[in-house]
K.L.:
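Have a look at this one before I ask anything.
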Amino acid sequence: MGKEIASRKEDYSQWYNDLIIKGGLADYSAVRGCMVIKPYGFALWENMRDVLDKMFKDTGHQNAYFPLLVPKSLFEKEEENAEGFAKECAVVTHYRLKVNPEKKGSLMVDPESKLEEELVIRPTSEAIIWNTYKGWIQSYRDLPLLINQWANVVRWEMRTRLFLRTAEFLWQEGHTAHATADEAIAETKQMLDVYATFAEEFMGMPVIKGVKSPNERFAGALDTYCIEALMQDGKALQAGTSHFLGQNFAKAFDVKFSDKENKLDYVWATSWGVSTRLIGALVMAHSDDDGLILPPKLAPIQVVIVPIYKGDEQKKAIDEKVAEIVSELKQRGIKVKYDDNENSRPGWKFAEYELKGVPVRIGIGARDLANSVVEVARRDTKEKKSYPMEGLSDSIVSLLDDIQKSIYNKASAFREQNITKADNWEEFVKLLDEKAGFISAHWNGTGETEDEIKNLTKATIRCIPLNNPQEEGACILTGQPSKERVLFARAY
RNA sequence: CGGGGCGUAGCGUAGCCCGGUUAUCGCGCCUGCUUUGGGAGCAGGAGGUCGCAAGUUCGAAUCUUGCCGCCCCGACCA
């Protein structure tokens with residue numbers, strides 16, 4: 001019957017895949033590691049994109065677009081960045097195909113068309129962008145330069161997972177240039193705040209703001225700030241990053257400016273990004289065994305109306321009433337869909353919209369018409385209630401608001417229960433295996449220790465939280481002195 | 001790249017070990033009627049290079065070899 005989805009308990013990965021595929025967000029494609037984002041999934045991405053885009057513009061950024069292909073000689077200029085991404089780059093080596101003389105109907109790479117210089121398909125755009133900035137920046141008057149681009153990037157991952165890690169993904173990447181380190185650091189933190197606000201207020205997903213340990217830092221950055229979220233299986237997910245790049249890229253690409261005193265200096269840089277991975281985060285943060293649970297502020301459909309009728313006469317009467325309700329809701333800016341498709345029956349629609357995570361469902365039948373009420377079901381709690389038609393749009397507005405808050409509170413309570421302190425190695429290992437979530441523990445501050453902990457437990461330092469309280473303690477692995485706790489977790 | 005699983009209609013599957021009529025069943029799809037407050041019922045119907053390629057054989061979904069693809073777990077990573 002219908003679309004079966006795995007339960008979280010039985011098979012978490014399968015549950016996740018089922019929600020994506022059966023919920024209509026995406027499909028597997030003919031290309032290894034790449035997915036097709038279907039209209040419903042893309043509508044969700046568009047909503048996220050629109051909110052973020054406005055936030056970027058409100059903080060003074062402008063959009064631009066840079067090429068997909070990056071000449072290898074540019075790509076390799078910033079050494080750390082190049083080396084960090086080298087092993088996952090797709091590379092264009094030829095520019096032409098030709099008919100294969102040995103096999104009819106097939107094409108082959110034309111060996112004559114070999115490029116003199118290989119082109120790297122961008123895994124990130126710092127190189128091409130900084131090469132461009134060199135021509136745009138001469139004076140302090142050209143600064144700050146605040147640019148964002150919405151783009152696709154390719155990272156040749158060994159193992160992919162729908163939305164969480166695909167070989168090609170959509171994202172935005174901000175790249176800014178500043179006259180001073182302080183200003184660049186302020187920008188880095190500002191954008192981290194934008195991401196955190198977006199995650200919490202729109203996605204309904206609490207995040208921890210922090211800074212990465214040197215091991216986990218973006219290749220080429222001096223500091224990587226991040227927001228970390230917790231998924232329902234107790235694994236952490238990096239949901240967004242904001243990097244302070246220092247003068248690394250300015251030096252690599254020779255981007256200098258004259259200050260007021262006519263002194264030459266390299267500019268200071270930041271970059272920051274979030275990707276379609278956020279959709280994966282959204283799915284895993286709230287959904288249940290019946291399907292997706294989408295936050296009202298991002299849901300492609302916020303309210304669906306399902307008619308229940310016997311015969312054309314009833315249908316007509318319902319249609320008329322629904323037209324009024326729809327126009328009232330639309331006036332309030334609510335995304336509403338009236339599903340009067342006659343090919344499926346009400347029960348099927350109920351299940352389908354639950355699977356798709358539509359926050360509110362309104363059922364309306366002859367009985368309701370007679371009583372001047374509608375049946376309203378909220379997706380998050382599955383609670384059903386009769387609402388009077390009088391003042392319905394007010395009730396729905398406040399219900400959507402309530403759902404938005406309620407799913408945030410639920411996720412937030414879950415996270416609070418899953419941040420646990422560990423004070424020695426046994427506790428740490430036991431917590432990881434039996435409870436998971438974030439584990440707050442002391443660490444001696446070295447990359448070697450972090451590597452060792454990762455080898456032993458697969459847990460990594462997710463972040464050193466901002467405004468972290470300072471306290472004396474001993475590293476859980478080495479017993480060496482430590483001044484603060486950091487957050488460990490197994491992560492996606 | 002290592003380990004595990006899988007590939008039969010749009011989807012999910014039986015058959016394979018032990019080769020032999022017209023490849024099973026369910027969902028979905030088409031037509032008609034009856035239905036419609038939690039994934040409708042009945043009747044009729046359409047839909048298949050059994051992942052691909054060789055081989056063994058009178059005969060291959062089934063046996064052999066090679067290849068391809070996908071999923072899950074791990075290492076790498078956002």
K.L.:
Does anything in residues 371-386 of chain A come within less than 4.0 Å of RNA chain B? Heavy atoms only, and list the residues if so.
P.N.:
Glu375(A), Lys384(A)
K.L.:
Taking U64(B) as the reference, what is the distance to C17(B) when you measure between their C1' atoms (whole Å, please)?
P.N.:
15 Å
K.L.:
Is a donor from one side chain sitting under 3.5 angstrom from an acceptor on the other, for Thr59(A) and Gln190(A)?
P.N.:
no
K.L.:
Among Lys212(A), His243(A), Arg217(A), Gln238(A), find the residue that satisfies the side chain to side chain donor-acceptor pair (under 3.5 Å) test when tested with Thr224(A).
P.N.:
His243(A)
K.L.:
For Lys349(A), which contact category applies under a 4.0 Å heavy-atom criterion: base, sugar-phosphate, or nothing?
P.N.:
nothing
K.L.:
How many Å lie between CD on Glu88(A) and C1' on A75(B), as a whole number?
P.N.:
14 Å
K.L.:
Does C77(B) have its OP1 or OP2 closer than 4.0 Å to a side-chain nitrogen or oxygen of Lys454(A)?
P.N.:
yes
K.L.:
To the nearest Å, give me how far apart CG (Asp11(A)) and C1' (C72(B)) are.
P.N.:
8 Å
K.L.:
Tell me whether the OP1 or OP2 atom of A40(B) has a side-chain N or O from Arg345(A) closer than 4.0 Å.
P.N.:
yes
K.L.:
State, with a plain yes or no, whether a side-chain heavy atom of Tyr408(A) is found less than 4.5 Å away from one of Pro206(A).
P.N.:
yes
K.L.:
Nearest-Å distance, CE (Met158(A)) to P (C76(B))?
P.N.:
9 Å
K.L.:
Taking only the side-chain heavy atoms of Arg165(A) (C-beta and beyond), determine which of U36(B), C77(B), A78(B) contains the nearest atom.
P.N.:
C77(B)
K.L.:
Considering only C77(B), G39(B), A75(B), which nucleotide approaches the side chain of Glu157(A) most closely?
P.N.:
C77(B)
K.L.:
Which of these, Arg361(A), Lys349(A), Arg379(A), sits in a side chain to side chain donor-acceptor pair (under 3.5 Å) with Glu354(A)?
P.N.:
Arg361(A)
K.L.:
Please work out which of the three classes, parallel, tilted or perpendicular, describes the rings of Phe202(A) and Phe198(A), given edges at 30° and 60°.
P.N.:
parallel
K.L.:
Counting side-chain heavy atoms from C-beta on, which of G39(B), G37(B), A75(B) comes nearest to Lys458(A)?
P.N.:
A75(B)
K.L.:
Do you know the tightest heavy-atom contact between Asp288(A) and Trp15(A)?
P.N.:
O-NE1, 3.0 Å
K.L.:
Does the ring of Tyr492(A) carry Arg165(A) above it, NZ/CZ under 6.0 angstrom from centre and within 45° of its axis?
P.N.:
no
K.L.:
Nearest-Å distance, CH2 (Trp156(A)) to P (C1(B))?
P.N.:
13 Å
K.L.:
Which nucleotide in the set G38(B), C71(B), A78(B) lies at the smallest distance from any side-chain heavy atom of Tyr28(A)?
P.N.:
C71(B)
K.L.:
If you look at every strand shown and take non-hydrogen atoms under 4.0 Å, does Leu237(A) touch a base, only sugar-phosphate, or nothing?
P.N.:
nothing
K.L.:
Quick one: label Thr166(A) by what it contacts on the DNA or RNA (base, sugar-phosphate, nothing), any heavy atom closer than 4.0 Å.
P.N.:
base
K.L.:
Is there a donor-acceptor pair closer than 3.5 Å between any side-chain N or O of Asp289(A) and the backbone N or O of Arg8(A)?
P.N.:
yes
K.L.:
In whole angstrom, give the distance that lies between atom CD1 of Ile308(A) and atom P of A40(B).
P.N.:
13 Å
K.L.:
Round to the nearest Å and state the distance from Phe85(A) atom CZ to A78(B) atom C1'.
P.N.:
8 Å
K.L.:
Can you check the distance between U49(B) and A61(B), where both ends of the measurement are the P atom (answer in whole Å)?
P.N.:
13 Å
K.L.:
Side-chain donor-acceptor contacts of residues 30-37 of chain A below 3.5 Å, not counting sequence neighbours, with atom names and distances?
P.N.:
none

K.L.:
Within the 4.0 Å heavy-atom criterion, would you say Ala239(A) contacts the bases, only the backbone, or no part of the nucleic acid?
P.N.:
nothing
K.L.:
Walk me through it: do Trp272(A) and Asn148(A) pass the test side-chain contact (heavy atoms from CB on, under 4.5 Å)?
P.N.:
CA-CA 9 Å; Trp272(A) 29 274; Asn148(A) 175 65; 3.9 Å; yes
K.L.:
For the residue pair Phe66(A) and Tyr133(A), does the interplanar ring angle fall in the parallel (under 30°), tilted (30 to 60°) or perpendicular (over 60°) class?
P.N.:
perpendicular
K.L.:
What is the nucleic acid contact for Glu352(A), judged by heavy atoms within less than 4.0 Å: base, sugar-phosphate only, or nothing?
P.N.:
base
K.L.:
So, does Asn17(A) get its side chain near the phosphate of C72(B), meaning an N or O under 4.0 Å from OP1 or OP2?
P.N.:
yes
K.L.:
Could you check Gly311(A) against Asp290(A) and say which one's nearest nucleotide on RNA chain B is further toward the 5' end?
P.N.:
Gly311(A)
K.L.:
Distance between the P atoms of C63(B) and C6(B), in whole angstroms?
P.N.:
13 Å
K.L.:
So, is Arg32(A) near the phosphate of G69(B), with a side-chain N or O under 4.0 Å from OP1 or OP2?
P.N.:
yes
K.L.:
Roughly how far apart, to the nearest Å, are A46(B) and U57(B) at atom P?
P.N.:
39 Å
K.L.:
Using a 4.0 Å heavy-atom cut-off across all strands, classify Ser275(A) as base, sugar-phosphate, or nothing.
P.N.:
base
K.L.:
Rounded off to whole Å, could you give me the CD-to-P distance for the Glu216(A) and C76(B) pair?
P.N.:
10 Å
K.L.:
Taking atom P in both G41(B) and U24(B), what distance in whole Å separates the two?
P.N.:
23 Å
K.L.:
Taking atom C1' in both G26(B) and U8(B), what distance in whole Å separates the two?
P.N.:
15 Å
K.L.:
On a whole-Å scale, what distance lies between the C1' atoms belonging to G7(B) and G15(B)?
P.N.:
15 Å
K.L.:
If I take atom CZ in residue Arg361(A) and atom P in nucleotide G38(B), what distance separates them, rounded to the nearest angstrom?
P.N.:
10 Å
K.L.:
Should Thr160(A) and Phe169(A) count as side-chain neighbours, where that means a heavy-atom distance under 4.5 Å?
P.N.:
no
K.L.:
So which one's nearest nucleotide on RNA chain B is more toward 5', Gly33(A) or Gln238(A)?
P.N.:
Gly33(A)
K.L.:
Write down the distance separating the C1' atoms in G32(B) and C68(B), rounded off to the nearest Å.
P.N.:
45 Å
K.L.:
Under 3.5 Å for both distances, Watson-Crick or G-U wobble, that's the pair rule; now give the dot-bracket for RNA chain B, with | marking pairs to another strand and [ ] for crossing ones.
P.N.:
(((((((..(((.......[....))).((((((.....)))))).....(((((..]....))))))))))))....
